[in-house]
**Student:** 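This is the structure, below, for whatever I ask next.
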Amino acid sequence: MQQANRRLQVTLGHLNPEAVGSSDQIITGNETSAATATASNKDRYDCNTEGFTHTFDVARLADIMRGNVTREKRIEMFKLVDKPIMLERTYNLSKEEHRKLVTEQVKYLLGTGEINIAGLKTDPHETLQKLELGSFMDASTGIKLGVQIVLFGGSILNLGTKPHHEKYLKGVHTFDIPGCFGMTELRHGSNVRKLETTSTYDPKTQEFIINTPNDGAVKWWIGNAQTNARVCSVFARLITQEKDYGIHVFVVPLRDENHKTLPGIEIGDCGDKVGLHGVDNGFIKFNNVRVPRENLLNRFGDVMPDGVYKTEITSEGRRFGAVLGELITGRVTLCANSIFIRKVATIIATRYAANRLQFGPPKHGEIPILDYRSHQVRLMPILASCYAYEFPKRVLMEKYILLHTDNVPDDTLAEIHAMSAGMKAVSTWDTQLHLQTLRETCGGHGYSAYNKFGILRDDHDVFQTFEGDNTVLIQQLAGHLLKQFSAQFEGSSQIGSAVILLRRQMGDMFSSRNPLITRIATKKHLTSRDWQLQAFEYRTAKLLETCAFAINANKKKMGFFNAFTDSVPLMVQLGRAYIEQFTLQEYMKAIEKEYKTGNRKVADVMKLMCDVFALSCIHKDVGNFMDLIKSSKARAIGKLLTRLCEEMREHAISLVDALEIPDFIIDAPIGLSKGYYVDHILDYSKKCNPNNHSFTVSGDKRPEANHGGKNGNDEESWDHDVIEIHQK
């Protein structure tokens with residue numbers, strides 16, 4: 001009964017928010033609503049950690065991180081999700097309950113009128129940020145919203161023409177026409193060219209016949225399909241006049257207005273998953289389903305009533321690329337969502353590390369675990385990466401915006417494809433690794449579902465494989481670099497051209513590998529902008545050279561395909577090297593810009609994080625720098641990285657506060673900005689478990705921390721105690 005009443009209350013809040021509480025109210029009394037630790041409405045969107053003093057102008061750094069979005073605009077976006085329907089927790093929900101809740105959340109977000117796929121053409125910056133709204137609270141909501149708006153709606157907008165826009169887009173934006181994106185099949189995912197679903201044109205009836213020729217061609221993992229979708233944008237092979245024209249997209253109705261499955265269509269449930277339990281992934285099978293000729297999304301290719309195929313794009317490869325252009329939007333939004341998830345988890349782990357006291361020198365009390373170097377070297381590089389990747393993400397969005405202009409050049413389109421693929425791969429790979437590390441840094445409390453690491457990790461896991469498997473995507477970037485580098489290795493001068501290019505990029509460093517430079521290990525040298533950029537550029541160029549020469553040397557005896565696939569491990573390294581180089585370059589531009597404004601303290605902190613990011617990348621991949629870095633210099637880099645992480649520790653709380661994510665979104669008892677984590681853990685445990693309702697939370701007093709207690713005569717005995725503990 002209690003659960004039923006709670007559901008009723010949530011539904012009422014969705015239908016009539018004023019009956020339950022406006023976005024400006026603190027949600028109290030709802031045991032499943034998100035963090036309510038703040039004391040007043042005024043503090044609801046204040047992200048400053050209680051009990052800590054900032055070490056620099058946090059407001060200024062927050063402005064930089066928001067880019068062209070004002071704080072007031074950001075708060076307006078927060079208010080959109082600060083509603084009872086969005087604040088429901090999902091810990092103990094069944095799969096079916098979770099799916100229902102996520103559906104209601106998507107309906108609510110669309111009902112605000114703030115999210116419109118057409119905005120990608122009119123105001124792409126703001127639209128892309130609004131598309132992140134669903135993921136603020138629950139990744140399932142963000143993904144389901146993305147399927148409806150970005151994938152299904154985007155396919156109508158970008159692959160269809162005016163009649164399709166008029167017929168479908170309004171219903172897409174109101175969820176009156178819930179849809180899905182029918183690309184992936186049971187037997188084919190990344191290799192879209194080989195999809196087997198067919199769409200054969202019948203000129204007698206002017207209809208396409210959609211058919212699943214075998215069980216391997218069943219559409220699989222289709223989000224929104226199992227529960228909600230009434231229409232699907234189906235990727236299928238267009239066949240007319242007995243000729244296969246490759247993959248095109250068709251609008252295919254799945255269910256009628258009473259939600260009854262239409263004849264010739266079978267829909268099922270893909271079942272339980274590792275994460276994203278609120279997304280209703282289903283499978284679809286078509287048995288000679290007929291749709292009108294007009295249901296072909298015909299922006300890039302059309303079939304005349306008599307069956308004649310017409311297109312203005314004569315190149316099949318370019319036409320195929322245009323059809324797949326819709327995936328770029330998904331990859332860009334996934335990249336942004338992945339970095340946001342990384343920020344949330346990093347905030348939780350950093351605030352906990354600053355508050356959690358453990359061990360300490362004799363007679364001096366316990367110290368925060370953030371004071372331990374072993375903790376700093378795990379946590380600080382992740383925090384630095386949260387800042388570093390913000391800037392290449394913006395450049396990627398700027399490039400993506402070009403897609404929505406007229407007459408995009410082929411080389412620009414190819415670059416956007418490659419960059420979105422590489423950024424998506426590297427950012428999601430790294431976030432997944434970081435989520436596990438961050439969970440471990442929080443010890444046993446990191447294992448609690450309430451502290452979100454498990455939920456974030458499991459929900460984010462699939463980011464590495466959907467919208468393109470990361471290993472395949474990183475090859476797209478590497479292939480693009482190789483193509484630019486040597487024009488598919490055609491002609492006889494490719495080796496000489498390669499050396500010229502590399503020497504131009506590396507200058508004297510490449511040609512002579514100055515013995516002195518390979519050994520210099522001073523802090524001034526290792527943190528210099530020029531040396532870091534040269535090192536990253538050298539790694540990229542060297543891997544590019546190695547890949548190009550390996551493929552070129554092997555293609556005659558092995559064939560190009562086998563030579564290419566044999567080089568995939570190198571290409572993965574090349575793709576990552578380029579993205580990390582691009583990230584460093586863009587972050588350094590932002591730092592230089594800040595120095596020019598006169599905000600030296602903020603710029604110094606940004607530069608410190610940049611050094612941690614750069615040296616961390618070198619330290620993890622030192623093998624690819626060894627021609628440039630001798631072993632003694634490599635050891636010095638490791639030691640300096642440890643020292644820089646220690647320097648960065650002083651600013652850690654200020655840095656997470658500058659990311660400006662309020663408590664009701666963080667929603668983890670050990671990561672809230674206000675109050676004490678012990679009280680929050682007990683409060684969450686009580687509210688989320690009916691059997692604990694009688695427990696009284698008395699309100700613990702935060703103990704005093706001993707910062708920097710390792711000094712004087714106590715240092716030797718403290719070190720001895722630590723050794724003794726580890727030995728035990």
Side-chain angles (χ1 to χ4, degrees), residues 373-374 376-378 380-382 384-385 388-389 392 422 426 429-430 433 474 478 481 485 498-550 567 569-588 591 606-648:
R373 284 186 174 180
S374 58
Q376 294 162 2
V377 297
R378 298 167 77 192
M380 294 301 102
I382 300 176
S385 77
Y389 277 101
V426 172
W429 263 333
D430 286 355
L433 286 171
I474 204 77
L481 296 172
F485 174 64
V499 173
I500 291 171
L501 173 64
L502 292 173
R503 284 181 175 170
R504 185 168 68 246
Q505 288 184 328
M506 296 297 97
D508 293 338
M509 186 180 293
F510 177 77
S511 58
S512 64
R513 292 180 189 145
N514 187 316
L516 179 61
I517 290 178
T518 63
R519 289 181 170 84
I520 293 178
T522 64
K523 180 179 179 181
K524 181 179 180 180
H525 170 72
L526 294 177
T527 59
S528 78
R529 174 189 180 279
D530 290 344
W531 181 81
Q532 289 175 359
L533 283 175
Q534 282 184 321
F536 276 62
E537 290 167 358
Y538 176 84
R539 174 180 60 160
T540 302
K542 183 64 178 176
L543 285 166
L544 188 58
E545 173 198 35
T546 304
C547 284
F549 291 175
S567 298
L570 277 174
M571 293 173 71
V572 171
Q573 296 178 56
L574 169 61
R576 171 176 285 280
Y578 182 79
I579 291 298
E580 290 180 349
Q581 173 190 319
F582 177 60
T583 298
L584 184 65
Q585 290 168 334
E586 295 304 320
Y587 192 22
M588 284 183 170
I591 295 169
M606 293 175 69
K607 179 61 170 70
L608 173 59
M609 288 192 290
C610 185
D611 292 337
V612 169
F613 171 77
L615 296 182
S616 177
C617 289
I618 294 172
H619 188 62
K620 287 185 293 186
D621 192 30
V622 70
N624 280 320
F625 292 92
M626 287 310 292
D627 285 344
L628 197 63
I629 299 172
K630 297 303 180 184
S631 58
S632 58
K633 189 168 187 173
R635 289 192 296 271
I637 287 172
K639 292 179 180 178
L640 178 58
L641 177 60
T642 300
R643 285 172 53 198
L644 294 176
C645 288
E646 188 174 14
E647 290 179 29
M648 192 173 154

**Student:** Would you mind reporting whether L628 and K633 have side-chain heavy atoms less than 4.5 Å apart?
**Tutor:** no
**Student:** Is I474 close to M571 at the side-chain level, that is, under 4.5 Å between some pair of heavy atoms?
**Tutor:** no
**Student:** Show the nearest heavy-atom pair for residues L543 and Q573, with the distance to one decimal.
**Tutor:**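 Residues L543 and Q573, closest heavy atoms: CD1-O, 3.7 Å.
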**Student:** Starting from the C-alpha separation in whole Å, work towards a yes-or-no answer on side-chain contact (heavy atoms from CB on, under 4.5 Å) for I591 and C610.
**Tutor:** CA-CA 9 Å; I591 295 169; C610 185; 3.5 Å; yes
**Student:** Test your reading of the model: is there a side-chain donor-acceptor pair from T522 to the backbone of H525, 3.5 Å cut-off?
**Tutor:** yes
**Student:** Before you tell me yes or no, could you show the steps for W429 and V572 under side-chain contact (heavy atoms from CB on, under 4.5 Å), namely the whole-Å CA-CA distance, both residues' side-chain angles and the distance that decides it to 0.1 Å?
**Tutor:** CA-CA 12 Å; W429 263 333; V572 171; 4.1 Å; yes
**Student:** Less than 4.5 Å apart, side chain to side chain, heavy atoms only: is that true for Y389 and E580?
**Tutor:** yes
**Student:** Side-chain contact, heavy-atom cut-off 4.5 Å: Q585 with E537?
**Tutor:** yes
**Student:** What distance do W531 atom CH2 and F536 atom CZ have between them, rounded to the nearest 0.5 Å?
**Tutor:** 8.5 Å
**Student:** Working to the nearest 0.5 Å, report the span between CD1 of I579 and SG of C617.
**Tutor:**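 Output value for this atom pair is 12.0 Å.
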**Student:** Tell me the closest heavy-atom pair linking L640 and T527, and the distance in Å.
**Tutor:**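 Closest heavy-atom pair between L640 and T527: CD2-CG2, 4.1 Å.
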**Student:** Can you find a pair of side-chain heavy atoms, one from R635 and one from S631, that are under 4.5 Å apart?
**Tutor:** yes
**Student:** Within this structure, what is the OG1-CG distance for the pair T540 and L481, rounded to the nearest 0.5 Å?
**Tutor:**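 So the gap between those two atoms works out to 8.0 Å.
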**Student:** Indicate the atoms forming the closest heavy-atom contact of V612 with A384, along with that distance.
**Tutor:** CG1-CB, 4.1 Å
**Student:** Side-chain contact, heavy-atom cut-off 4.5 Å: D611 with Q532?
**Tutor:** yes
**Student:** Does Y587 reach the main-chain N or O of M606 with its side chain, forming a donor-acceptor pair under 3.5 Å?
**Tutor:**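 Such a contact is found between Y587 side chain and M606 backbone.
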**Student:** Please report the shortest heavy-atom distance between P392 and A388, naming the atom on each side.
**Tutor:**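 Looks like CD-O, 3.0 Å.
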**Student:** Under the criterion side-chain contact (heavy atoms from CB on, under 4.5 Å), I'd like the reasoning laid out for Q581 against L584: C-alpha separation, chi angles, the key distance, then a yes or no.
**Tutor:** CA-CA 5 Å; Q581 173 190 319; L584 184 65; 5.8 Å; no
**Student:** Can you list the steps and then say if E646 with R643 is a salt bridge (charged side-chain N to carboxylate O under 4.0 Å, His left out)?
**Tutor:** CA-CA 5 Å; E646 188 174 14; R643 285 172 53 198; over 6 Å; no
**Student:** More than 12 non-hydrogen atoms from neighbouring residues, nucleotides or ligands closer than 6.0 Å to NZ on K620, yes or no?
**Tutor:**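 Counting neighbours around NZ of K620, more than 12 heavy atoms of other residues, nucleotides or ligands fall under 6.0 Å, so yes.
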**Student:** Are any of the side-chain heavy atoms of L570 and L574 separated by less than 4.5 Å?
**Tutor:**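 Of all side-chain heavy-atom pairs linking L574 with L570, none is under 4.5 Å.
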**Student:** First locate atom CZ of R576, then atom CZ of R539, and finally report the distance between them rounded to the nearest 0.5 Å.
**Tutor:**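 Result: 8.5 Å between the selected atoms.
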**Student:** Do F613 and T583 come within less than 4.5 Å of each other through their side chains, counting heavy atoms only?
**Tutor:** yes
**Student:** Applying salt bridge (Lys or Arg N to Asp or Glu O under 4.0 Å), can you list everything that pairs with R529, at least two apart in sequence or on another chain?
**Tutor:**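 By the salt bridge (Lys or Arg N to Asp or Glu O under 4.0 Å) rule, R529 matches E592.
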**Student:** Could you grab the distance from atom CG of L644 to atom NZ of K607, nearest 0.5 Å is fine?
**Tutor:** 8.5 Å
**Student:** To the nearest 0.5 angstrom, please state how far the CZ atom of R373 sits from the CE atom of M380.
**Tutor:** 14.0 Å
